[in-house]
Engineer: 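Here it is: the structure, laid out below.
Atoms within a ligand are numbered from 1 in the order they appear, just like the ligands themselves. Only a predicted model underlies this, so the values are computations on that prediction, with no experimental measurement involved.
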Amino acid sequence: MSISGLHHITAIASNAKQNVDFYTRVLGLRMVKKTVNFDDPGTYHFYFGDESGTPGTIITFFPWPGAAKGRNGTGMATAVGYSVPEGSLPFWAARFKKLNIAQEEIAERFGEKYISFQDPDGLRIEFIVPSKKDERKPWETGEVNSSVAIKGFHSTTLSLRNIKPTEAILTDVFGYKLLSQENNRYRLRTEAVENAGIVDLLALPDRPPGYVAAGTNHHVAFRVKDEEVQMAIREKILAKGLNPTGKINRDYFYSVYFREPGGVLFELATENPGFTVDEPLNELGTHLKLPKQFEESRAQIERVLPVI
Ligand code: ZN
């Protein structure tokens, strides 16, 4: 009855084609679903992950054409941490250099080497070599083979003015434990799952709130086995005096959203039914999939969506 690490991370992009090219060609992820924002069907919703879109590997985007640039700050997730194989960082540094991608020098944190870089909208991504071997099987492409490919999430970083209320949700409700601290960074982990079980809290008491637009995070979704676990955790969230939504059907999972006290939008997303519910595994991401309430407007929606 606990959270099983991260499910997906959702961010905002400004250009659909540029977003697809970066995550599939440059980073070598698989596009596992091409659909629309269920609350705004004139906007795409892209999902990128491993072969089947396993929870804990999925990054999703709402590309808003011409969206203003957002600003990182407190009350939001400010970095997406991916797990990559031992020895792969020089490959990535050389690849980013060749492609003129903004990056920082390889560094080390909590005894793990990592490289930070930005996607075309300025979203901060970190490739981290985990101290514990990651056995997940990555998606491979012609340019990104399994010796360097992304295995899935390592962690996310939440920037907060005061970490205490957020830490309390993660420990009391989600089952995370404080693992260690380096400077103003506090590392929490759940042992309910092998990978994607880390959340770093960055204490920035003087930093103003962020502004959610292109290049920033929209929400962080945590993984629950099924709706039964989801509803049990929802009760605990209510008992904390917070205000979760009811269960919402997102076709590929069921969702409950709530704003945690530090200001970050959290989601609880189920493992079921998954991305093969409306496309076979070998065709994932190749068709524009619409939820049934929008199927009758397909022609109109397809006319509005940018060509990718
Ligand atoms: Zn979500």
Engineer: Would you tabulate the side-chain donor-acceptor contacts of residues 117-125 under 3.5 Å, counting partners in other chains and residues two or more places apart, or write 'none'?
Structural biologist:
{"from": "D119", "atom 1": "OD1", "to": "D121", "atom 2": "N", "distance (Å)": "2.8"}
{"from": "D119", "atom 1": "OD1", "to": "G122", "atom 2": "N", "distance (Å)": "3.1"}
{"from": "D119", "atom 1": "OD1", "to": "L123", "atom 2": "N", "distance (Å)": "3.0"}
{"from": "D119", "atom 1": "OD2", "to": "Y23", "atom 2": "OH", "distance (Å)": "2.8"}
{"from": "D121", "atom 1": "OD1", "to": "S14", "atom 2": "N", "distance (Å)": "3.4"}
{"from": "D121", "atom 1": "OD1", "to": "S14", "atom 2": "OG", "distance (Å)": "2.6"}
{"from": "D121", "atom 1": "OD2", "to": "S14", "atom 2": "N", "distance (Å)": "3.2"}
{"from": "R124", "atom 1": "NE", "to": "E126", "atom 2": "OE2", "distance (Å)": "3.2"}
{"from": "R124", "atom 1": "NH1", "to": "E104", "atom 2": "OE2", "distance (Å)": "3.4"}
{"from": "R124", "atom 1": "NH2", "to": "S116", "atom 2": "OG", "distance (Å)": "3.0"}
{"from": "R124", "atom 1": "NH2", "to": "E126", "atom 2": "OE2", "distance (Å)": "3.3"}

Engineer: Without swapping roles, check the side chain of T156 against the backbone of A79 for a donor-acceptor pair under 3.5 Å.
Structural biologist: yes
Engineer: Give a yes or no on whether E296 atom CD has more than 12 heavy-atom contacts from other residues, nucleotides or ligands under 6.0 Å away.
Structural biologist: no
Engineer: Please state whether the separation between the Zn ion (ligand 1) and some N/O/S atom of H218 is under 2.8 Å?
Structural biologist: no
Engineer: Can you tell me the N, O or S atom of H219 that's nearest the Zn ion (ligand 1)?
Structural biologist: NE2
Engineer: Determine whether the aromatic ring centres of residues F127 and Y114 are separated by less than 6.0 angstrom.
Structural biologist: no
Engineer: For E267, what is the atom name of its N, O or S atom nearest to the Zn ion (ligand 1)?
Structural biologist: OE1
